[in-house]
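Only one structure is covered here, and it is reproduced in the block below.
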Amino acid sequence: MSDLTAMEERLVPSPEVRADTIFERLAAAGLIPQVTDYSDHTHIEAEVPESLSAESWREVLALLATADWSGQVDSSASGLSVWAAVRKDTTATVGIFRGRSHQP
């Protein structure tokens, strides 16, 4: 092995796959997601029913953490909604660098 730093690449899901996964998992949790496609990102939003279980709520919160941006909106008119946005310019691979002094 040479003294040069070795680079390994691991695949990261495409923005389309990430947005589809968020949509599908919100639906699986009992929400009815809606998608809005913008030039630079995909926006997924869903109203949260009052009957959502605590376990499903935890799943939704964990799912929102996978988005590039996410949040909650509590409106007296429509109740609680959650939203997630996925940037379209996310790269398909992430380089992982291993040097002799920092990685086993």
Side-chain angles (χ1 to χ4, degrees):
M1 191 162 194
S2 71
D3 289 337
L4 296 176
T5 302
M7 180 179 138
E8 294 178 2
E9 289 186 347
R10 66 179 167 94
L11 294 177
V12 175
S14 70
E16 295 83 11
V17 169
R18 291 178 60 218
D20 288 347
T21 300
I22 292 170
F23 180 93
E24 291 167 2
R25 289 183 58 195
L26 284 174
L31 282 67
I32 302 172
Q34 297 179 359
V35 176
T36 306
D37 195 34
Y38 294 98
S39 63
D40 63 341
H41 70 281
T42 302
H43 181 90
I44 305 111
E45 187 168 348
E47 290 184 15
V48 179
E50 290 184 23
S51 61
L52 191 69
S53 71
E55 180 179 338
S56 292
W57 179 243
R58 284 189 295 274
E59 291 174 18
V60 167
L61 292 177
L63 177 60
L64 293 178
T66 68
D68 294 319
W69 310 289
S70 64
Q72 303 173 40
V73 177
D74 194 358
S75 165
S76 59
S78 63
L80 181 64
S81 295
V82 293
W83 61 270
V86 177
R87 291 176 16 167
K88 290 184 177 181
D89 64 353
T90 304
T91 57
T93 60
V94 173
I96 302 171
F97 295 93
R98 290 193 174 168
R100 290 201 264 168
S101 61
H102 299 292
Q103 298 286 333

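What's counted below: heavy atoms across the whole structure, side chains too, no hydrogens, waters or symmetry copies. Given the structure is predicted, the values throughout are model-derived calculations rather than measurements.
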Residue set satisfying salt bridge (charged side-chain N to carboxylate O under 4.0 Å, His left out) with Asp37, at least two apart, ordered chain then number -> Lys88
May I ask you to decide if the ring planes of His43 and His41 are parallel, tilted or perpendicular, using 30° and 60° as cut-offs? perpendicular
Could you give the side-chain donor-acceptor pairs of residues 51-64 under 3.5 Å, partners two or more places apart or in another chain?
{"residue": "Ser53", "atom": "OG", "partner": "Ser56", "partner atom": "N", "Å": "3.1"}
{"residue": "Ser53", "atom": "OG", "partner": "Ser56", "partner atom": "OG", "Å": "3.1"}

Tell me, which pairs form a ring pair (Phe, Tyr, Trp, His ring centres under 6.0 Å) where one or both residues lie in residues 16-35, sequence neighbours left out? none
Which residues share a side-chain hydrogen bond (donor to acceptor under 3.5 Å, both in side chains) with Glu16, sequence neighbours left out: Ser14
Could you tell me if the side chain of Arg18 sits less than 4.5 Å from the side chain of Thr42, heavy atoms only? no
Could you tell me whether the side chain of Val82 reaches within less than 4.5 Å of the side chain of Leu31, counting heavy atoms only? yes
So, using side-chain contact (heavy atoms from CB on, under 4.5 Å) as the criterion, who are the partners of Ser39 when residues are at least two apart? none
Taken in chain and number order and not counting sequence neighbours, the residues that satisfy side-chain contact (heavy atoms from CB on, under 4.5 Å) with Glu47 are Ser78, Ser81
Between Ala84 and Ala67, what is the shortest heavy-atom contact and its length? CB-CB, 3.7 Å
Can you see which heavy atom on Pro49 is nearest to which on Gly30, and at what distance? CG-O, 4.4 Å
To the nearest 0.5 Å, what is the distance between OG1 on Thr36 and CD1 on Ile44? 9.0 Å
Is the count of non-hydrogen atoms from other residues, nucleotides or ligands lying under 6.0 Å from Gln72 atom CD greater than 12? yes
Using links of under 4.5 Å between side-chain heavy atoms of ILVMFWY residues, direct or through other members, which residues join Val73 in one cluster? Trp69, Trp83
Salt bridge (charged side-chain N to carboxylate O under 4.0 Å, His left out): pairs with one or both residues in residues 24-34, sequence neighbours excluded: none
